[in-house]
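In this text the structure is predicted, and so the values were computed from the model without any measurement. In what follows, chains carry the letters A, B, and so on, assigned in the order in which the sequence lines appear, proteins first and then strands, with residues in each chain numbered from 1.
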2 protein chains.
Amino acid sequence: MYDALVSTSEKLVEAAQELLWERGYVGTSPKALQRRSGAGQGSMYHHFHGKHDLARTAIRRTAEELRATAEADLGGGGGAVERVEAYLLRERDVLRGCRLGGLAQDPDVAADPELRRPLEETFGWLRGRLAEVLEEGRAGGEFTAALDARDTAAAVVAVVQGGYVLARSAADPAPFRQAVEGLLALLRASATAPRP
Amino acid sequence: MYDALVSTSEKLVEAAQELLWERGYVGTSPKALQRRSGAGQGSMYHHFHGKHDLARTAIRRTAEELRATAEADLGGGGGAVERVEAYLLRERDVLRGCRLGGLAQDPDVAADPELRRPLEETFGWLRGRLAEVLEEGRAGGEFTAALDARDTAAAVVAVVQGGYVLARSAADPAPFRQAVEGLLALLRASATAPRP
DNA sequence: GTCTATAATAAGATAGAC
DNA sequence: GTCTATCTTATTATAGAC
């Protein structure tokens, strides 16, 4: 609603976010961006320098949103295991893949520091944030003292990103759920085993 | 060497394997395939129906190769932990990503059953093969009896695929290694903890 | 700010000579 | 089997009127 109140520039950015998610950077054309946003040829080049500039803006926006979503899970109450579970078990549109992680495979994104940096920063932050939570849990006796928070955090994020790859390969969300369950079981075992 | 003995058809398939790895399906043009292979315009369309047909052949070839490589690790000697370690710690060109898994993000591959099926079959086989190894280990007392071999197998493959995503996002192989180490630590803890 | 030309280059393939 | 020509449609913009 209030569509008329959404600026052309804003509609272009939102269209770019969608198309980058669906088709990546190399798979998204200026024409497709114009069609999806409803903006004309001239409008797009008035508001942005071109496809690259618009994509840059859209990727940064998506990165901010993803970070906020993750913080909602990780900053909640409960113990470390519960917060990591909240992150891992959050409802996801598994077959569409990660809005940000999917772009890591795009050759033009990987090769361009301006496009790649939001990915680097966001996943770097996410691994750090998960490591904080896990370290809190370790210090509080939730995990065995030997647990390496940073390595474990990387494994948690990797399972999610890899889960998307397996699910999209199979055209079925099941492998994503399996991978998450597999990791959670290991994590829970590592939490309870050393406490008799 | 003996380059003259490699047929044009073969050179086209190998060029397609490389370009699909580097640029995906949507990012690979017929012209690029011709340039990379050294084949002329007419030759490509003589040997294949077009880009789609050539890509289909190349993806199937890559899938076979990936399967053979994985079996070399998983079919070796040693216990379950050692064979899973062999798979996880195998030397990889981390920043280039997985030759097959990267294609899961390509919109045209995901949408086309002919192009997607080799991914589905290969990752399905890989998860099954890892589950066999893990189940062997569980039955042999290497792991806690509660370990779910299929879920754990999915987690193992997901960590590798997600590790590629994190490494490419960071333009640095370190997150891949961390994720693998994080998972291995959990797996080892699950193997030794219940054995006093 | 938006619109309609205009344009050089590439995509993806077909036709037919050699 | 390979080569050159040809074709249609997209890509990625720029120019300038409104």
Side-chain angles (χ1 to χ4, degrees), chain A residues 2-59 103 105-112 114-115, chain B residues 2-59 103 105-116:
Chain A
Y2 300 114
D3 239 41
L5 295 179
V6 177
S7 69
T8 297
S9 169
E10 179 61 23
K11 283 191 287 190
L12 277 161
V13 172
E14 288 171 13
Q17 288 186 280
E18 289 175 20
L19 284 167
L20 287 169
W21 189 7
E22 293 168 20
R23 303 203 39 88
Y25 183 83
V26 300
T28 295
S29 69
K31 180 170 294 193
L33 288 163
Q34 292 151 27
R35 214 186 341 253
R36 181 72 66 103
S37 65
Q41 167 81 343
S43 290
M44 176 179 142
Y45 286 100
H46 172 75
H47 291 286
F48 298 94
H49 293 159
K51 168 180 164 175
H52 181 272
D53 184 33
L54 174 50
R56 201 174 116 279
T57 304
I59 293 173
L103 294 171
Q105 191 51 39
D106 192 293
D108 288 7
V109 171
D112 184 326
E114 282 201 288
L115 300 180
Chain B
Y2 300 113
D3 238 41
L5 295 179
V6 177
S7 68
T8 297
S9 169
E10 179 62 24
K11 284 191 287 190
L12 277 160
V13 173
E14 288 171 12
Q17 288 186 279
E18 289 175 20
L19 283 168
L20 287 169
W21 189 8
E22 293 169 18
R23 303 204 38 89
Y25 183 83
V26 301
T28 296
S29 68
K31 181 170 291 190
L33 289 163
Q34 291 151 27
R35 214 186 341 253
R36 181 72 65 104
S37 66
Q41 166 84 343
S43 290
M44 176 179 142
Y45 286 100
H46 172 75
H47 292 286
F48 299 94
H49 293 157
K51 168 181 164 175
H52 181 271
D53 184 32
L54 174 49
R56 202 174 114 279
T57 303
I59 293 173
L103 294 172
Q105 191 52 39
D106 192 293
D108 289 6
V109 171
D112 184 324
E114 281 201 289
L115 299 180
R116 186 183 52 75

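- Atom CG of B/Leu12 is separated from atom C1' of D/dG1 by 12 Å (rounded to the nearest Å).
- Between C/dT2 and A/Thr8, a contact under 4.0 Å exists linking OP1 or OP2 to a side-chain N or O.
- Using a 4.0 Å heavy-atom distance criterion, B/Gly40 is classed as a sugar-phosphate-only contact.
- Among A/Leu20, A/Val26, A/Leu115, the single residue meeting the side chain to side chain contact (heavy atoms under 4.5 Å, CB included) criterion with A/Val109 is A/Leu115.
- If you measure from atom CZ of B/Phe48 to atom P of C/dG12, you get 17 Å, rounded to the nearest angstrom.
- Along DNA chain D, the nucleotide nearest A/Gly27 and the nucleotide nearest A/Gly42 are compared for position; the residue whose nucleotide lies closer to the 5' end is A/Gly27.
- Set against C/dA11, D/dA13, D/dG1, the side chain of B/His47 has D/dG1 as its closest nucleotide.
- Atom CG of A/Leu19 is separated from atom P of D/dA10 by 16 Å (rounded to the nearest Å).
- Taking atom CE on A/Met44 and atom P on C/dT4, their separation rounds to 16 Å, with Å as the unit.
- If you measure from atom NZ of A/Lys51 to atom P of D/dA13, you get 8 Å, rounded to the nearest angstrom.
- A donor-acceptor pair under 3.5 Å is formed between the side chain of A/Asp106 and the backbone N or O of A/Tyr25.
- To the nearest 0.5 Å, atoms CD1 (A/Ile59) and CD (A/Gln17) are separated by 10.0 Å.
- Checking C/dG12, D/dT11, D/dT2 against every side-chain atom of B/Ser29, the shortest atom distance belongs to C/dG12.
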Show your reasoning for whether side-chain contact (heavy atoms from CB on, under 4.5 Å) applies to A/Asp53 and A/His47.
CA-CA 10 Å; A/Asp53 184 33; A/His47 291 286; over 6 Å; no

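- Spacing between atom NZ of B/Lys31 and atom C1' of C/dA13 amounts to 13 Å, rounded to whole angstrom units.
- Counting distance only, with no hydrogens placed and no angle test, the side-chain atoms of B/Gln41 and the base atoms of C/dT14 include a donor-acceptor pair under 3.5 Å.
- Counting any heavy atom pair closer than 4.0 Å across all strands shown, B/Ser9 reaches no nucleic acid atom.
- The distance from atom CG of B/Asp53 to atom P of C/dA13 is 10 Å, rounded to the nearest whole Å.
- Taken from CD in A/Glu18 to OG in A/Ser37, the straight-line distance is 10.0 Å, to the nearest 0.5 Å.
- Minimum atom distance to the side chain of B/Tyr45 is reached by C/dA13, of the listed D/dG1, C/dA13, D/dT12.
- Remark: P of C/dC3 and CD of A/Gln34 are 11 Å apart, rounded to the nearest angstrom.
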